[in-house]
Amino acid sequence: MTLKLDKVNRGPHLSTLVASSISREIAQGRLKPGDQLPTEQALATTFGVSRNVVREAIARLRSEGRIWSQQGRGAFVVESNNPTVLTIDYEALQRADSFRNLFELRGILEVQAAALAAKRRSETDLTAMGDALAGMRAAPYGSVAWLRSDLEFHRTVAEATRNSYMGQFLVFVSERVRESILAAGNQQKSDDMARITLGEHERILAAIRAGDAEGAQAAMRDHLAGAALRVGLLDGEAAEPVAPAQEVPSPVRHSRLRKAVRGRA
């Protein structure tokens, strides 16, 4: 068995890069169903990373249904060629079209999730959303800590739908989006961007707290349009305006947002 494994470039998601490289070996048939993976130490040496990074990569591949492992025996490629667990290839997301498609899917799910959350949320959910917003306020805009709190906010919205599959799927998709944003490093970072993005989240929370399903959808739609601009997906296209929800502050106009993205606000 000859594998084409190379050292990975340093970055915030080494385990993701290692997992992606091993997945590629499986997809291209150099690692076949039933094959045993090299040892943790061998993989760590090959990739030029620590054993902890390798363990995280193996855990990810196991959760994706690509490999199985047994203590004392090692890790093996699953026998089935059709994993039952959804996977989204990290390297594929480096292409603009793939990332755009994933972002579009996220939007379809999140807008509906916001409406369900407004109808079904509990006080515990509202507290968790508020805590996530506090985490965003405390972190530098665009940092790992900011994006982690951002993801937590969206996770709590998904949880408030009381649909466990909605929650699982949204967290999975949002995590892939977050990884791609971090890897690309293409977010414009400024005080204006922090203020605008926080305002978008605050409007989502206000609508959910008010039990306003339509307002929550509008606020989420506006946020996702703004997020697409910030990561360069809309490339200056005007998003369709949404009506402000009752008792929720009017959303920032997209024209103003585009100016801020380009450093003119």
Side-chain angles (χ1 to χ4, degrees), residues 1-106 108-110 113 147-148 151-152 154-155 158-159 163-184:
M1 173 173 54
T2 302
L3 305 182
K4 295 184 178 180
L5 303 178
D6 299 307
K7 286 184 169 56
V8 295
N9 295 324
R10 314 307 292 182
H13 291 286
L14 286 175
S15 61
T16 298
L17 295 174
V18 170
S20 179
S21 182
I22 295 173
S23 293
R24 186 169 59 251
E25 297 300 298
I26 295 172
Q28 295 179 358
R30 286 187 288 273
L31 277 172
K32 295 178 171 52
D35 280 352
Q36 183 173 8
L37 269 63
T39 65
E40 282 184 3
Q41 185 57 57
L43 288 171
T45 300
T46 298
F47 287 114
V49 299
S50 69
R51 291 181 65 176
N52 281 339
V53 168
V54 171
R55 288 192 193 102
E56 290 176 10
I58 295 299
R60 175 167 183 157
L61 291 169
R62 188 168 55 243
S63 73
E64 292 178 350
R66 293 184 181 274
I67 67 167
W68 66 275
S69 59
Q70 185 174 24
Q71 189 171 2
R73 291 191 60 194
F76 300 81
V77 180
V78 295
E79 295 289 347
S80 172
N81 288 322
N82 299 300
T84 58
V85 179
L86 174 67
T87 60
I88 296 177
D89 184 69
Y90 173 81
E91 290 192 348
L93 289 181
Q94 307 315 299
R95 300 196 306 268
D97 59 335
S98 295
F99 183 61
R100 186 186 303 274
N101 289 340
L102 183 63
F103 206 93
E104 184 176 65
L105 173 61
R106 175 195 175 196
I108 293 169
L109 293 170
E110 293 232 50
L147 289 171
R148 186 181 299 117
L151 181 64
E152 178 65 12
H154 289 272
R155 186 190 68 78
E159 274 198 0
N163 182 321
S164 60
Y165 295 115
M166 177 79 78
Q168 292 174 33
F169 199 75
L170 266 177
V171 168
F172 176 77
V173 171
S174 296
E175 178 64 24
R176 301 293 86 76
V177 170
R178 183 182 76 98
E179 288 174 353
S180 296
I181 290 173
L182 276 173

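Note that the structure is a prediction, hence the values are computed from the model and not measured.
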Report yes if some heavy atom in the side chain of Phe47 is under 4.5 Å from a heavy atom in the side chain of Ile22; otherwise report no. yes
Salt bridge (Lys or Arg N to Asp or Glu O under 4.0 Å) involving Arg51 - partner list, sequence neighbours excluded: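 Residues passing salt bridge (Lys or Arg N to Asp or Glu O under 4.0 Å) with Arg51: Glu40.
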Please identify each residue that fulfils salt bridge (Lys or Arg N to Asp or Glu O under 4.0 Å) with Glu56, with sequence neighbours left out.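 Result, salt bridge (Lys or Arg N to Asp or Glu O under 4.0 Å) vs Glu56: none returned.
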Show, in sequence, the C-alpha distance, side-chain angles and deciding distance for His154 and Leu170, and conclude whether the side-chain contact (heavy atoms from CB on, under 4.5 Å) test is met. CA-CA 8 Å; His154 289 272; Leu170 266 177; over 6 Å; no
Measure the CD1-CZ distance between Ile26 and Arg24 for me, rounded to the nearest 0.5 Å. 11.5 Å
To the nearest 0.5 Å, what is the distance between CZ (Arg66) and CZ (Arg60)? 10.0 Å
Could you give me the CA-CA distance, side-chain angles and deciding distance for Leu105 and Phe169, then say whether side-chain contact (heavy atoms from CB on, under 4.5 Å) is met? CA-CA 11 Å; Leu105 173 61; Phe169 199 75; 4.1 Å; yes
Report the residues that fulfil side-chain hydrogen bond (donor to acceptor under 3.5 Å, both in side chains) with Gln70, sequence neighbours left out, ordered by chain and then residue number.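 So Gln70 forms a side-chain hydrogen bond (donor to acceptor under 3.5 Å, both in side chains) with Arg73.
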Quick one: list whatever passes side-chain hydrogen bond (donor to acceptor under 3.5 Å, both in side chains) with Ser69, sequence neighbours left out. Arg62
For [X] and [Y], which heavy atoms make the closest approach, and how far apart are they?
X	Y	result
Met166	Ala158	O-CB, 4.5 Å
Leu61	Ser23	CD2-OG, 3.1 Å
Lys32	Val77	O-CB, 3.3 Å
Ala57	Val18	CB-CG1, 3.6 Å

Aromatic Phe103 / basic Arg106 pairing, under 6.0 angstrom, 45° off normal: yes
Any donor-acceptor pair under 3.5 Å from Ser21 side chain to Leu17 backbone: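 A pair under 3.5 Å: no.
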Qualifying ring pair (Phe, Tyr, Trp, His ring centres under 6.0 Å) pairs with a residue from residues 14-35, counting only residues at least two apart or across chains: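 Output for this query is empty, none listed.
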Going by side chain to side chain contact (heavy atoms under 4.5 Å, CB included), name the residues that satisfy it together with Leu151, two or more places apart in sequence or in a different chain. Ser174, Glu175, Arg178
Could you walk me through whether Glu104 and Arg100 pass side-chain contact (heavy atoms from CB on, under 4.5 Å), step by step? CA-CA 6 Å; Glu104 184 176 65; Arg100 186 186 303 274; 5.7 Å; no
Applying side-chain contact (heavy atoms from CB on, under 4.5 Å), run through Leu31 and Ile67 and close with a yes or a no. CA-CA 11 Å; Leu31 277 172; Ile67 67 167; over 6 Å; no
